[in-house]
Amino acid sequence: MHEVLAALLRLQELDQHIFRAQAELRRLPAERAQRKAELDRRVQKLADTRTEAQKLRVRIKEFEDNSTQHRQRARKVENEAASARQDMALLVAFQHEIRTLKREISNFEEQGLLLVDQVEALEKDALAQEQALAAEQKSFAEYDANVQAELAAAQARLDELSAERKKRLTGTIPLDALTTYNRILAAREGQALAELDGKACQACFIDVPANVVVRVQRGSELVNCPGCSRILFQRG
Ligand SMILES: [Zn+2]
């Protein structure tokens, strides 16, 4: 059993690095995806700001067109009023219409001007967003290159460790012991073995009962920590 434990310890040495490399291979893409999503959100926000500005521009154009039409109409009515000087009632009606048209024109112009202010504010905002986004995109590109390099390095490390692990899976380890070890390894995130120091498990720090200490010392079987289930071993 001491021999089996020793073989498992050699395996454990590799497996903690394997787990670390695997964790990197999961963490890095997740982090990258999060940053990319944030970047996409900002791209979308800029597009929305521009769409909003464009919509306002269309409305400003509508006010301008309305103003133009009203002005043309007002000129026409003014001409008609000029040739209707003799007819007081008609003249009053024309003058009334002209006043109404002019009021509406000034109303359109006022509303148009308000929108011009809003569009200018939106366009200023869009420009600021665009500059911030350009900086963010540049920094993301650098970050992305780093992530790709780190991923490649972690993958290379993992391949190397996996190859070494195959070599260390010698006949010394019986299948049932290996199965137990692998199960705990997965459940305990890369640490299937725990050192017993005196009666304290060095992984979960509980004091194990005396009979557990005795069984570990005897070394005729694999003994699990009652606290964390890891396989206990003693140095020496
Ligand atoms: Zn424990």
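When a ligand or atom number is given, it counts from 1 through the structure's own listing order. Side chains are part of it too, since the values below use all heavy atoms of this structure and drop only hydrogens, waters and symmetry mates.
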Just checking [X]: does its [atom1] atom have more than 12 heavy atoms from other residues, nucleotides or ligands closer to it than 6.0 angstrom?
| X | atom1 | result |
| --- | --- | --- |
| R59 | CZ | no |
| E160 | CD | no |
| E189 | CD | no |

Please work out which of the three classes, parallel, tilted or perpendicular, describes the rings of H70 and F108, given edges at 30° and 60°. perpendicular

NZ/NE/NH1/NH2 to OD/OE distance under 4.0 Å, E24 and R27: yes

Do D144 and Q148 have a side chain donor and acceptor closer than 3.5 Å? yes

Report for the Zn ion (ligand 1), protein N, O or S closer than 2.8 Å, by chain and number, lists C201 SG, C204 SG, C225 SG, C228 SG

